[in-house]
Structure formats: C-alpha cells, structure tokens
Amino acid sequence: MPPERFYVTTPIYYVSGTPHVGSVYTTVMADVFARFHRMLGIPTFFLTGTDEHGEKAQLAAEARGISPAALCDEYSAVFRSLFARYGVSNDDFIRTTEPRHERTVARVLGRMHAQGDLYRASYEGFYCTRCETFFTDQAVRDAGDACPEQPVLHGKIQRLSETNWFFRTSKYAPELARRIEAGEMEIVPARRRQEVLGLLRDVQDLCVSRHRSRVSWGIPLPFDPEYVCYVWIDALFNYRTATGYLDDDAARRADDAAWWAHATHLIGKDILKHHTVLWGTFLLAMGEPLPRREFIHGWLLDERGLKVSKTQLAGAPAARTPGAEELLAVVGRDAARYALVTAMRGAEDAPFSWNLLRERLDAELANGFGNSVNRVVRMIHQSCGGRFPGLDVNSDVNADVNADVNVRAKVDAGARAAAVREAALAVPAAVRRLPDILDVHEVLGAVRAGVQEISLFLDEEKPWKAAKDPANLPRVGATLATALEALRLLSLGLHAVCPEKMAEFRAVLGLGAEPCFEPESRWGLLAAGAPLGQPPGLFPRFDDAKFAAAVPDAAPGAG
RNA sequence: GGGCCCGUAGCUCAGUCGGUCAGAGCAGGGGACUCAUAAUCCCUUGGUCCCUGGUUCGAGUCCAGGCGGGCCUACCA
C-alpha cells in the first residue's frame, strides 16, 4: 500500500559563500524521491530553502556595507538559481527571514515559555564568532587562542560570560527515546538509530538565545526582547511553517497536520543530532508527533578524504572534487543529477571525483541506456520504415517455434525475449517499492540489468543481419519492438533522475513528457504502426573539451 | 577522553539468521561482431575478506584487543 501523501524536506542552507556540492547532493536526492512519488500518483510536497539569521550573516553584511536583508536576498537567490538549473522541482522555497516563518517561531517560543520549558541561566566560556559556538576550557586555554575548529580561517576566540535562555531538552529526552524505540520515527539507514539512542542517553539543555547587543539579526524572543532566538528553534521549525503550522487559518493548520504525518527529512550525518535530539524534543514540547522518517546520508569526500591512489589512470584527469557549477557545466543537468545520485551507496561516505563520475556516466548512461536507445531506434528506421513494428508479431514468431527445423535456436530466442520482458518489468516493480525503502539504487540497478538484457537479446537475434532477407522482416520487427518496449519501461526508472532526457526519449515514442505510471508500467503499451521520431543523442560520452573549458586547472584525458 | 560508524580484487562497492561467500560493476588482457555514441557480446588476469587472538565441526560473517579512517561530543562517568 503506497502512502497517501509524501512530504520531503532538505535542510535549509545557510546563506554564506558558494553552495557546496554536498548541498546540491541532498537537494537532488530529495528531488528524485519527490519525482518518484509524483510519478506514482502520490500527492507530494517538496520543501527546501535558506537559513538566514545569525551573527555570520550579520557580520558579512557589515563587512560589505549592506544590510543583512540585502545580503540574504543575494545569497538566497544564488541557491535558488542553482537548484533551478539542477532541475529541482521544489513546491516551496522557505526563507527563515520571511514574515510567515518569524511569526511561527515567535508563537512556538511563546508557547514554550508559557509552559515553563524555557528558563534563564548564565554561563561563561570561550566563544568563536565564526563558529557561533562556545568551546570548553580544555579545548581552549586563553582568550586570544585560535579557534580550535578553524584556526586559520576563524582566527582568535574571546572570553564571554552571558545570561541566556535555555530549553529543557533533558525533560523530553526519555520520552523521545521511548518513541524512537517504538518506531514512531523511522531512522534510515537503521544503524543510525542506535547512534541516536546513544545521544539521547546523555543530553544537556540547549541554549536557544543570544543577547541582541551581540546578535541583532534574529527573531526577538517575544517574552524578552533583549534576546534573539539562536539557530535551532528558528531553523528547524521551517519544516512546519511552510505547511501552515500555528497558522491563523484553520484550513491551513489542517493541511499542515496532514502533510506532517508523512514527513521525510533528508539530512547529512553531521546534523543527525540536531534533527533527532533537538527537533524531537522541540516537537514533544509542542505536543506534536515526530516526523515519520529521517534519511541520513554520508559525505561526498574530496581528495583529502581519499586515499592517495597509486594507480591513477595514465593521462586521466586528477581526482579533485567537482564543484556544483563545474559539474553542471561539464556534463549537463541530467548527467550531473545521475552522477550525484549514484555517487553514494548505502548512504555511506563516498569519494566523488571527475574520474569516478566519468567512468560511471560513460559506462551506464552513454554506453548503456543511451547507446541502446540509439541503436534500436536507428534500426527501426532502417528496417521497419520508422514505425513501431508491434509486439503481436513477436508472439506469432514464438508460437510457430515448434514447426521449424531450427527449433532450439528459436526457443532460445523466445526465452531471451521473455527475459527481456521480465527484466524490463522489474523496473516499475522497483519503483513501486521506493516509497517504502527509499532505495534509488535498486531502481537504477534494475535499469542497468535491463540494458544488459536487451544487449544480450539483440546480440542473439542479430536483427541487422536478419534484415538483409525480407522474409525475416516480421521477426526483425518483433525483436526491435521487444527491445524498444523494454527501453520504454526502463525509462520509467530513470525518469526521476534524468527527467529532461527521458522526456526526449518519450517524445521519440510519441509520448508526453510526464509519464502516467498506470498504465505505463505495463508491458505492451506502444501501438503497432505508430511513427517514431529520430534517434535522440541522449547521453554523449564525457566531453574533454567541455571539461577543459570549465575546469582549467585539471588536464583531462591528455594522452 | 566518551559515544557511534567504516576498513572485502587496481577503483567503487554487494555479501540477509555463522555453512559453494571469496562476488558484481568499472579498469586491465585476449577474442567475436559491426545495427549503434571507438559501441556491444564472449572469455580472462587480479584478493592475507586491515592485524592478532578467541568461540565453533566451520567466521568477511560472532567475541576481545590492536591499527587506520570518519562523524558527533565532553571543563575527565
């Protein structure tokens, strides 16, 4: 039973610097999940956005002599533009500086305060402005020491004593642990669950404010305007603001509750604690259910994370991490999306280099699916007048198998055709399982296996050879029809990852850009006699010239 | 310092309850084919499953310790 709704979120990204390719990874993964669900006809809401408050944005704005709001407008637009060019189909883009969100957070803070979940306390410690965090006396000895996290970038830390507002994390942690153990919130992959339970055994109350003399770019505490809200309550409740939590309009509130019951958060492993311990206790304090599911992925590793490879391929480009913009410029939108989605398996850290993605894109997209489409469509133009030959002919061929002398060969061919059909149907089957297990690799693995099966089939049937004798044309047509119909089914598995290219392919078949999963997931959709478009060059092989132009400091394929 | 995770062929990774588990893809080598994007198909070379002990009839698989890498975290539970 597919869920009746799907609400998927990415973290909101902090407005500083150029977007990291890891942020694009998370966002593209969320987009792929969203597109699969939409294809299955499941109502889907996909949210991403930017996190805009805090000292860093404030200081960056001061340094440039502009207002924090202007700075946020600028950076937020950078993210929005990049995501758009990656084909990200988010339904909403939230900014924490929007009035709708500031209102939600103020209401949350007000209620927490009224319930006694927030209290004042003072503490003293070493503080790094750039990290916006306090460090222990053990990590740092004197004011004036360098920041232990980023000694060069962040420079010196300072001694600070502050009175602040704290949230009673410890009050709700045991209940949160019970609920996670009961499975109210699913943590994927499952091994992360015990990590979360471990974190919950040792929690501290959380500082949720900063004095406005130091940080003014934030949401004021409604009950103590001398302070602004510090990061996590502000950031995490974005997931509820967008759907209408605590809205004045009852219909909006009902809508929010309906979406929230099916929420899936995508996050990187670095913010696991914030999205489980903090977010979970905030929600419990508000009397709200936990998110349905959290999907935690690892990192894309740069060359520092890679073991130095002893066996660099001769002349191949150096293994440096592609940036978000370079990747798009070199391989194009859909291939870039495919490279990201296939980079990380099992949500485990994975190296991400030009060499690796080049090998994968050439093997799986160019030589695999792309080449298969090209050869089949071309042969239909050459041998069948550019019209879909029809699958019924195929069954005739299989039926008269026993009448022929060359029985074994034809039986084998029939079995091969059946194998092609089965392999093709495995793709929509994997797509149907995706909402349950969020396993894109199962789907893409089925696509690769399908391509392989088609290659074997064509190699066995040799339609290019058979077509030389007109008497063989029915069989040639049946072979090509089987292959093309299989490719159509495989494209359903690729659609969420490479939507533009699959739309091009579908146009060749005379189908609309967006697939309708029912009935398209069934075998035998294409009608005999339907005219086909010209073969599309779906996925060209890795382009050295483009690479050299976009990434001048790494020499590709020289030699 | 503490918690957790990872360490399997040159590269990226599968290995479910301990019993063909020593595998796949890519890369490398040889052959075939020629419809196709120097493509595809067949065959093939590679491994101390990080190390050391232990449990067991039997361990990538479980246990202990160590080494290496990672994430989080802490004014020593």
Side-chain angles (χ1 to χ4, degrees), chain A residues 123-126 133-141 148-149 189-204 267-277 296-299 301 304-314 316 319 342-353 355-384 416 441-442 444-445 448-449 451-468 476 479-480 483 535-543:
Chain A
Y123 70 114
E124 180 178 344
F126 295 108
T133 50
F134 280 88
F135 288 98
T136 62
D137 291 9
Q138 189 174 317
V140 185
R141 295 244 163 70
E149 290 291 319
R191 67 189 146 72
R192 293 280 180 196
R193 207 174 77 127
Q194 55 183 309
E195 193 173 341
V196 172
L197 292 172
L199 292 172
L200 279 168
R201 280 192 287 273
D202 184 30
V203 298
Q204 274 185 292
I267 58 167
K269 65 180 182 180
D270 52 319
I271 48 175
L272 175 65
K273 179 184 166 184
H274 311 97
H275 279 73
T276 54
V277 176
I296 296 100
H297 66 250
W299 290 104
L301 301 177
R304 290 177 313 169
L306 271 174
K307 283 177 275 182
V308 178
S309 177
K310 301 148 281 189
T311 54
Q312 185 74 257
L313 286 169
T342 54
M344 202 181 294
R345 295 174 155 212
E348 209 59 65
D349 288 359
F352 190 59
S353 69
N355 271 342
L356 287 169
L357 73 88
R358 167 188 210 147
E359 286 171 10
R360 213 180 296 117
L361 293 178
D362 279 352
E364 298 176 11
L365 291 184
N367 299 350
F369 188 85
N371 181 244
S372 195
V373 166
N374 195 42
R375 67 196 296 209
V376 170
V377 173
R378 270 179 194 278
M379 276 192 279
I380 290 176
H381 278 283
Q382 286 161 15
S383 304
C384 309
R416 193 64 93 177
H441 301 290
E442 190 197 359
L444 297 180
R448 288 196 300 273
V451 169
Q452 166 87 1
E453 204 60 56
I454 291 165
S455 278
L456 289 170
F457 178 56
L458 294 175
D459 194 61
E460 199 83 20
E461 287 290 296
K462 298 183 173 48
W464 54 90
K465 202 169 180 178
K468 288 173 183 166
V476 167
T479 299
L480 296 176
L538 290 180
F539 299 108
R541 290 170 60 82
F542 193 92
D543 190 327

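Computed from a predicted structure; not experimentally measured. Within every chain, numbering begins at 1; the chains are lettered A, B, ... in the order of the sequence lines, protein sequences first and strands thereafter.
Rounded to whole Å, the distance from CZ on A:R448 to C1' on B:U12 is 11 Å.
Of the side-chain N and O atoms in A:R193, none sit less than 4.0 angstrom from OP1 or OP2 of B:C4. Listed pair A:N367 / B:U40 meets the phosphate criterion, a side-chain N or O lying under 4.0 Å from OP1 or OP2. Regarding contacts with the backbone of B:U73, every side-chain N or O of A:Q204 stays at 4.0 angstrom or more from both OP1 and OP2.
B:C13: Watson-Crick or G-U partner is B:G23, with both key distances under 3.5 Å. Pair assignment for B:C41: B:G31, on the basis of Watson-Crick or G-U wobble contacts that are both within less than 3.5 Å. Across all strands shown, B:A74 forms no Watson-Crick or G-U wobble pair with both key distances under 3.5 Å. Using N1 to N3 plus N6-O4 or O6-N4 for Watson-Crick, or N1-O2 and O6-N3 for G-U wobble, each under 3.5 Å, B:G65 pairs with B:C51.
Taking syn as a glycosidic angle within 90° of 0, B:G60 qualifies as syn.
Closest to the A:D459 side chain, of the nucleotides B:C13, B:C41, B:U40, is B:C41. Nearest nucleotide to the side chain of A:Q382, out of B:C13, B:C35, B:U73: B:C35. Each of B:C11, B:C71, B:C41 was ranked by its minimum atom distance to the side chain of A:L356; first place goes to B:C11. Of the candidates B:C71, B:U73, B:U40, B:C71 carries the atom nearest the A:E195 side chain, counting heavy atoms from C-beta on. Distances from the side chain of A:W464 to the nucleotides B:C72, B:U34, B:C13 place B:U34 closest.
Residue order along RNA chain B, read from the 5' end via each residue's closest nucleotide, puts A:P540 first among A:P540 and A:V451. Closest-nucleotide positions on RNA chain B for A:K465 and A:G368 were compared, and the one nearer the 5' end corresponds to A:K465.
A:L456 comes within contact range of the sugar-phosphate backbone alone, with a heavy-atom separation under 4.0 Å but no base atom that close. When heavy atoms are screened at a 4.0 angstrom cut-off, A:E364 is found touching no nucleic acid atom at all. Residue A:R541 is in base contact, counting any heavy-atom pair closer than 4.0 Å across all strands shown. Contact annotation for A:E442: no contact, since no heavy-atom pair falls under 4.0 Å across all strands. Using a 4.0 Å heavy-atom distance criterion, A:N374 is classed as a base contact. Residue contacts for A:G370: at a heavy-atom cut-off of 4.0 Å it reaches a base atom on one of the strands shown.
We find the CE-NE2 distance between A:M344 and A:H297 to be 5.5 Å, quoted to the nearest 0.5 Å.
Comparing B:G25 with B:A64, their P atoms are spaced 36 Å from each other, to the whole Å. With both ends at atom P, the span from B:C33 to B:C41 equals 16 Å, rounded to whole Å.
Remark: the backbone N or O of A:A366 is not paired with any side-chain donor or acceptor of A:N371 at under 3.5 angstrom.
A heavy-atom distance below 4.5 Å is not found between the side chains of A:R358 and A:R541. When side chains are defined from C-beta on, A:D270 counts as touching A:W299, because their heavy atoms get closer than 4.5 Å.
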>> Run A:T479 and A:K462 through side-chain contact (heavy atoms from CB on, under 4.5 Å) and show every step you take.
In response: CA-CA 9 Å; A:T479 299; A:K462 298 183 173 48; over 6 Å; no
